[in-house]
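Report on the structure given below.
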Protein chains: 2
Amino acid sequence: MKLSSQAQAFVLHFGEMGSRWGFNRTVGQMFALLTINNGPMNADQLAEALKISRGNVSMGLKELQAWRLIELHHQPGDRKDYFTAAGSIWDLARTVFEERRKRELDPTLTLLRQLLLTEPRDEQETVAQKKIQEVYSLLEMLDQFANTLSKLDEKDLLKLMKLGSGLNKLLDLKAKATGSVSKGSGSKKGTSRT
Amino acid sequence: MKLSSQAQAFVLHFGEMGSRWGFNRTVGQMFALLTINNGPMNADQLAEALKISRGNVSMGLKELQAWRLIELHHQPGDRKDYFTAAGSIWDLARTVFEERRKRELDPTLTLLRQLLLTEPRDEQETVAQKKIQEVYSLLEMLDQFANTLSKLDEKDLLKLMKLGSGLNKLLDLKAKATGSVSKGSGSKKGTSRT
DNA sequence: TACAATTTTCAGAAATTTCTGAAAGTTAAG
DNA sequence: CTTAACTTTCAGAAATTTCTGAAAATTGTA
């Protein structure tokens with residue numbers, strides 16, 4: 001199968017970017033190709049289109065399945081395994097998002113939780129402990145937020161993302177509606193510093 | 001400088017995770033160490049604590065500066081350069097977030113925009129084009145959302161993240177308050193497929 | 001200017017990751 | 001059971017990334 005120059009560019013780019021998302025170049029390419037291709041592809045077709053070995057394809061497919069990013073299909077009268085990207089673009093994005101959370105955030109939270117159990121022995125360790133606590137709080141909040149986001153359906157996600165600067169007002173709105181959260185001392189912007 | 005076993009674990013872990021965040025193991029370790037250490041450190045101290053070469057430290061510091069994650073300080077009467085993590089944990093998180101957007105999302109958007117300019121030549125390319133359009137829409141929305149988030153101050157971010165399941169209700173609230181966004185055809189939940 | 005302290009650079013070494021392809025494993029059909 | 005079609009595995013090769021350390025460059029001081 002010959003790729004159009006368009007498809008070629010798409011596939012190569014997601015190959016490079018892929019490593020950022022947690023898989024290697026070839027796996028990224030395979031996924032990109034399955035995403036833009038019209039209909040399922042089998043391992044030989046992938047190997048030929050991407051000019052990589054059959055064994056490499058096999059390993060890549062395994063990884064993509066572990067990420068739940070592709071699905072297996074069968075064509076009547078053909079013993080080969082065929083694959084497509086699993087679900088809509090939104091589904092794919094959500095899946096990548098969720099998997100990364102599980103693989104990156106969760107282990108870190110586990111470690112930090114453990115570190116926070118030991119008593120600091122001196123000044124140095126007390127400071128470190130405090131920083132670890134801060135990182136932990138931040139990451140845990142992120143984790144919960146990510147969890148919330150990944151449960152929203154496409155419609156609500158769309159709404160939320162489109163809010164833009166409306167988000168500010170919305171947060172005020174909420175504060176008023178519920179009376180929750182500190183009333184704050186106005187504009188404490190320049191506070192952070194080291 | 002000897003690291004406590006706590007610091008050791010923290011530093012090693014963020015070394016491993018670091019690669020996910022866009023820099024390599026040693027750079028991740030250096031950053032982690034500067035984050036939990038009480039006070040600034042110079043290049044020699046970093047090299048000794050992490051048991052890596054002086055040259056490696058120099059390269060790592062350069063990269064962390066490019067990420068705007070560390071700041072340079074000087075101690076009176078000492079010609080060495082001293083470094084600390086730049087700003088609060090929140091500042092650091094925001095910076096990493098923003099830098100990653102610039103380095104990953106933006107180039108992808110640029111490429112996709114370009115691909116969308118060429119006319120599809122056949123059925124196959126039409127399908128591909130359509131998929132590319134979907135990916136583009138999604139990523140652009142993400143990009144804008146990320147942009148919005150990174151402009152919120154710590155207080156509002158905190159509010160937003162703590163909303164949890166309240167987010168759902170909030171979105172409804174907003175819809176009612178403004179009358180904006182599609183009225184939708186009720187509950188199209190089961191559409192996605194896995 | 002001279003010099004000592006310090007940082008940066010970068011070629012090659014070391015470590016790590018990815019890829020290949022042949023062999024082993026699996027499965028459906030007759 | 002046997003065979004052919006297909007998939008997976010994995011040892012070693014290839015590619016890529018990271019690291020070292022000595023030499024070059026820079027900087028502040030006198």
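Chain A is the first sequence line, chain B the second, and so forth, proteins listed ahead of strands; every chain is numbered from 1. Only heavy atoms go into these numbers, but all of them, side chains included; no hydrogens, no water, no symmetry mates. All values derive from a computational prediction rather than experimental measurement.
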Expressed in angstrom and rounded to an integer, what is the separation of [X] atom [atom1] from [N] atom [atom2]?
| X | N | atom1 | atom2 | answer |
| --- | --- | --- | --- | --- |
| A/Glu63 | C/dC19 | CD | C1' | 14 Å |
| B/Met59 | D/dT17 | CE | P | 14 Å |
| A/Asn42 | D/dT8 | CG | P | 12 Å |
| B/His74 | C/dT6 | NE2 | P | 11 Å |
| B/Ile52 | C/dA13 | CD1 | P | 21 Å |
| A/Gln65 | D/dT7 | CD | C1' | 11 Å |
| A/Gln29 | C/dC19 | CD | C1' | 12 Å |
| A/Met30 | C/dC19 | CE | C1' | 13 Å |

Considering only heavy atoms from C-beta outward, does the side chain of A/Val57 approach that of A/Leu61 to under 4.5 Å? yes

Report the nucleotide, chosen from D/dC6, D/dC19, C/dT6, that has the shortest atom-to-atom distance to any side-chain atom of A/Asp78. D/dC6

OP1, OP2 of [N] versus side-chain N and O of [X]: anything below 4.0 Å?
| X | N | result |
| --- | --- | --- |
| B/Arg25 | D/dT18 | no |
| B/Asn56 | D/dG21 | no |
| A/Lys62 | D/dT7 | no |
| B/Arg54 | C/dT7 | yes |
| B/Lys51 | D/dC19 | no |
| B/Thr26 | D/dC19 | yes |

Presence of salt bridge, B/Arg94 and B/Glu98, under 4.0 angstrom: no

Measure the spacing between [atom1] of [X] and [atom2] of [Y] and express it to the nearest 0.5 Å.
| X | Y | atom1 | atom2 | result |
| --- | --- | --- | --- | --- |
| A/Leu167 | B/Thr148 | CG | OG1 | 6.5 Å |
| A/Phe14 | A/Arg20 | CZ | CZ | 13.5 Å |
| B/Ile132 | B/Arg113 | CD1 | CZ | 14.0 Å |

What one-letter contact string describes nucleotides 22-30 of chain D from 5' to 3', where B marks a base within less than 4.0 Å of any protein heavy atom, S marks contact via sugar-phosphate atoms alone, and - marks no contact? -----BB--

Going by the side chain to side chain contact (heavy atoms under 4.5 Å, CB included) test, name the single residue among A/Trp21, A/Phe23, A/Phe31 that passes it with A/Trp67. A/Phe23

Flag for B/Gln133-B/Ser137: side-chain donor and acceptor within less than 3.5 Å: yes

Using a heavy-atom cut-off of 4.0 Å across all strands, would you classify B/Asp44 as base, sugar-phosphate, or nothing? nothing

